[in-house]
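Throughout, a chain's letter reflects where its sequence line sits, starting with A, and its residues are numbered from 1.
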Amino acid sequence: MNKYDHAAVEAKWQKYWDEHDSFKAETGSKKPKFYALVEFPYPSGAGMHVGHIKAYSGLEVVSRKRRMQGYNVLFPIGFDAYGLPTENTAIKTGVHPRKVTDNNIIKFTGQLKKVGFSFDWSRVVDTTEEDYYKWTQWIFLKMFENGLVFRDKTLVNYCPSCKVVLSNEDSQGGKCDVCHSDIIQKEKEVWYLRITEYADKLLEGLDTVNYLPNIRLQQENWIGRSTGAFVNFKIKEFPDESLRIYTTRPDTLYGVTFMVIAPEHPIIEKYRDKIKNIAELDAYKTECAKKSEFERTQLVKDKTGVCIDGLTGINPITGKEVPIYISDYVMMGYGTGAIMAVPAHDQRDYEFAKKFGIDIIEVIKGGDISKEAYTGDGEMINSDILNGMTNKKDSIAKMLEYLEEKGIGEQGVQYKMKDWAFNRQRYWGEPIPIVHCPDCGMVPVPYDELPLKLPPVENFEPGSDGESPLAKIDSFVKCKCPKCGKDARRETDTMPQWAGSSWYFLRYTDPHNHEALASKEALEYWMPVDWYNGGMEHVTRHMIYSRFWHHFLYDIGAVNTPEPYAKRTAQGLILGPDGDKMSKSKGNVVDPNDVVDEYGADVLRIYVLFMGDYEQAAPWSETSVKGCKRFLDRIWALQDKLIDGDEYRPEMVSLMHRTVKKVSEDIENMKFNTAVAAMMSLINTFYEKDSVNKAEYRTLLTILNPFAPHITEEIYNTVYGGILSEQKWADYDESLCVDDTIEIAVQINGKVRGKVTIPTDADNDTAIAAAKANETIAAAIEGKNIVKEIYVTGRLVNIVAK
RNA sequence: GCCGAUGUGGUGGAAUGGCAGACACGCUUGACUCAAAAUCAAGUAUCGCAAGAUGUGCGGGUUCAAGUCCCGCCAUCGGCACCA
């Protein structure tokens with residue numbers, strides 16, 4: 001047999017698949033549909049790295065298997081091409097972002113094809129194409145129409161280096177997601193999408209989908225729903241005024257000894273003239289504004305604050321007066337920006353009270369409040385109506401009832417999730433299709449004028465004050481109001497990077513539609529996505545955003561299901577050979593092209609799946625790649641050991657069926673590493689026997705095909721004729737997975753002392769008798785008192801002897 | 001601080017409470033070769049000549065039997081972080 005020439009064979013079959021549209025999905029087909037989705041790449045200048053390959057290889061294997069099982073499979077790919085890195089390249093090199101993007105897409109496409117992924121290349125989408133972003137703008141306008149878009153002047157996360165406003169999701173940890181500079185807080189008028197309105201739907205929707213538990217949990221934490229109570233505290237000095245607080249522990253209301261409001265709380269401005277120590281408060285406010293994110297988190301334990309002289313709260317159920325402080329441990333952005341402080345049962349309040357010498361009143365027994373706050377359950381004391389109760393839930397319920405009856409408070413819900421800051425002061429993004437008219441205010445661009453095209457620009461530098469480069473283009477900015485026809489100004493901000501990716505999976509179902517984002521038939525046929533795989537890093541951003549958009553589209557009747565993804569999984573990272581995260585700066589990035597050139601695409605595909613548990617991170621190892629190369633070479637060389645046979649040889653039957661079962665099940669469970677191991681094990685047996693028959697070889701090639709499509713196609717075509725990927729997936733018969741006899745271990749007191757072979761269907765007595773008949777075992781239990789004998793079917797016998 | 005994941009040979013990693021280390025890498029020895037690479041064969045947890053003993057981050061426990069279950073710790077990674 002000739003040596004396997006991976007370059008020639010892979011090129012041959014890739015050409016064949018291309019010319020025959022082998023992986024084209026057919027909308028409306030009678031076959032059962034299967035929509036497999038992988039996260040489309042951002043086409044960066046660096047090209048793809050092996051992490052992309054691993055991310056796509058999982059569902060690639062599933063898709064190829066599904067096709068062989070008779071499914072009509074949609075496995076699409078596209079490019080999420082708007083974004084800062086491209087724009088920064090453009091600024092640096094002077095090449096237009098359009099050109100940069102096109103070049104990068106060509107590069108990515110070449111890399112993907114070289115790996116032999118079975119994408120439907122007729123459905124490629126590019127979020128920066130007019131025909132695509134037209135519908136991104138359309139969705140935005142629909143949201144505008146439905147009151148989900150608003151503008152607000154607030155403190156925003158601002159990256160001084162990128163000169164853009166960032167969403168909370170993009171500034172996690174106080175660092176810019178793109179350039180890792182420190183984020184500062186800046187007051188700006190920005191666009192928001194009212195995602196909080198969908199918080200409950202996003203939370204409840206999780207019950208109807210199948211996400212990996214940790215993915216679901218991260219989303220739940222991100223949405224951060226808490227139930228509690230709003231309670232109104234009257235102000236002693238101004239009987240008509242009340243301060244509204246939010247608490248999750250209304251059961252501790254009797255333990256309130258002070259209140260705290262955020263430094264930015266509006267009540268301070270309202271009573272500015274009446275507050276005696278206003279200068280002191282102002283000074284504190286200024287100090288807080290200066291603190292960086294870093295300082296705030298570092299000084300978490302050290303509580304600071306100032307007592308307001310001139311405003312005093314009144315506990316609504318005890319009538320007791322309580323001082324009001326301002327402190328930066330209370331945020332304006334959560335709840336009402338004001339809290340009731342219960343130092344005995346909240347650690348933060350406890351620290352504050354200790355520092356400022358405030359009373360601590362215990363209302364729940366069980367802790368030692370001379371040392372720390374007690375947050376557990378216990379008997380209620382000093383609490384009048386709640387005294388003697390021992391269950392937190394019951395106490396809260398009773399208190400809520402009381403509050404509502406007296407009209408001083410009511411049950412309430414809060415979310416950690418904030419509304420989505422939806423604009424960037426940058427060029428390379430979808431223009432926001434809104435016109436500012438001096439008379440009519442914000443006016444949407446009419447639907448028939450979409451897409452609102454991104455105008456050609458020479459200079460992509462953002463303005464120094466954080467203005468979009470579009471603001472400098474008069475022909476774009478100056479326009480007529482679509483409503484009244486007067487001179488108006490066009491919005492110059494663009495949408496954030498996450499816009500285009502929030503609905504791309506819908507476009508795949510009908511990518512060339514000019515009348516709608518996708519036809520009703522296509523959406524109804526394909527949606528929801530049956531299985532979506534991607535990175536954990538997108539669980540709280542892309543996944544939340546796109547679910548939000550989809551729920552909205554469902555509400556306006558544009559799509560047929562509330563949830564877009566029926567199932568979501570995530571792959572683990574590929575680390576550099578040094579065990580560190582791959583990064584350009586560390587120089588430990590592995591280029592898939594190099595691997596394909598040297599070892600072949602099939603080897604690369606097998607290796608990224610074999611290197612470890614798919615969901616776990618694992619370091620790259622060049623020497624291990626060679627092991628996969630060896631495996632495929634041995635598959636190839638088996639052609640020399642081929643003998644005739646239409647059926648499995650009798651001694652191979654159970655192993656063949658077991659292997660098919662193992663590989664079939666492992667693929668479904670994303671245990672690709674053990675699936676490959678099972679096939680390696682099988683060919684080791686063929687080598688031990690020094691032969692493989694045609695029936696066995698055919699099955700092996702079939703179940704290996706999704707992993708290594710090129711080499712298996714080539715062998716199949718040579719040996720059997722025809723196209724392997726058009727053949728049926730291999731079946732297995734559960735009853736044939738076992739042999740007639742089985743070797744079991746025999747233990748004495750839990751330690752293995754021997755092995756015996758027994759019939760597979762042997763009963764307890766037979767198995768134990770066989771075990772005792774074994775010489776070593778017989779000798780070992782000679783003269784001993786047998787306490788117990790256990791036979792675990794098909795596994796072992798354990799004899800307990802003294 | 002809170003939530004989650006992980007911890008097994010020299011390495012990557014396997015193990016529905018039932019023979020720990022499948023499969024692979026690496027290494028050792030041998031075959032082929034003038035030689036090397038490739039390939040093939042045998043071996044490879046630790047200690048021990050052996051019989052045997054010990055071994056899944058640490059300390060306890062449950063069980064005939066624990067990597068797996070329970071209790072208490074430690075370490076690493078990821079997410080959130082003064083969320084009232």
| query | Between Tyr614(A) and Val61(A), is a side-chain contact (heavy atoms from CB on, under 4.5 Å) present by the stated rule, with each step listed? | reply | CA-CA 12 Å; Tyr614(A) 190 65; Val61(A) 168; over 6 Å; no
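- Here Ser621(A) lies out of heavy-atom contact (under 4.0 Å) with every strand.
- Residue contacts for Val792(A): at a heavy-atom cut-off of 4.0 Å it reaches a base atom on one of the strands shown.
- Here Asn749(A) lies out of heavy-atom contact (under 4.0 Å) with every strand.
- Anti is the conformation of G59(B), whose glycosidic angle sits further than 90° from 0.
- Using a 4.0 Å heavy-atom criterion, one finds that Asp349(A) contacts no nucleic acid atom at all.
- For a distance-only test at 3.5 Å, the side chain of Lys626(A) fails to qualify as a donor-acceptor partner of the base of C25(B).
- Where Asp613(A) and Lys581(A) meet RNA chain B, the nucleotide closest to each residue was compared, and Asp613(A) sits on the side nearer the 5' end.
- Heavy atoms of Gln747(A) sit under 4.0 angstrom from at least one base atom.
- Between the C1' atom of A24(B) and the CG atom of Leu609(A) lies a distance of 14 Å, rounded to the nearest Å.
- The aromatic ring centroids of Tyr607(A) and Tyr599(A) lie 6.0 Å or more from each other.
- Leu217(A) comes within contact range of the sugar-phosphate backbone alone, with a heavy-atom separation under 4.0 Å but no base atom that close.
- Using the six-membered ring where Trp is involved, Tyr246(A) and Phe230(A) have ring planes that are tilted, between 30° and 60° apart.
- Gln571(A) places its CD atom 14 Å from the C1' atom of G78(B), with the value rounded to the nearest Å.
- The residue Ala338(A) sits apart from the nucleic acid: no heavy atom pair falls under 4.0 Å.
- The residues Glu622(A) and Lys629(A) are annotated as not salt-bridged, no charged nitrogen and carboxylate oxygen being separated by less than 4.0 angstrom.
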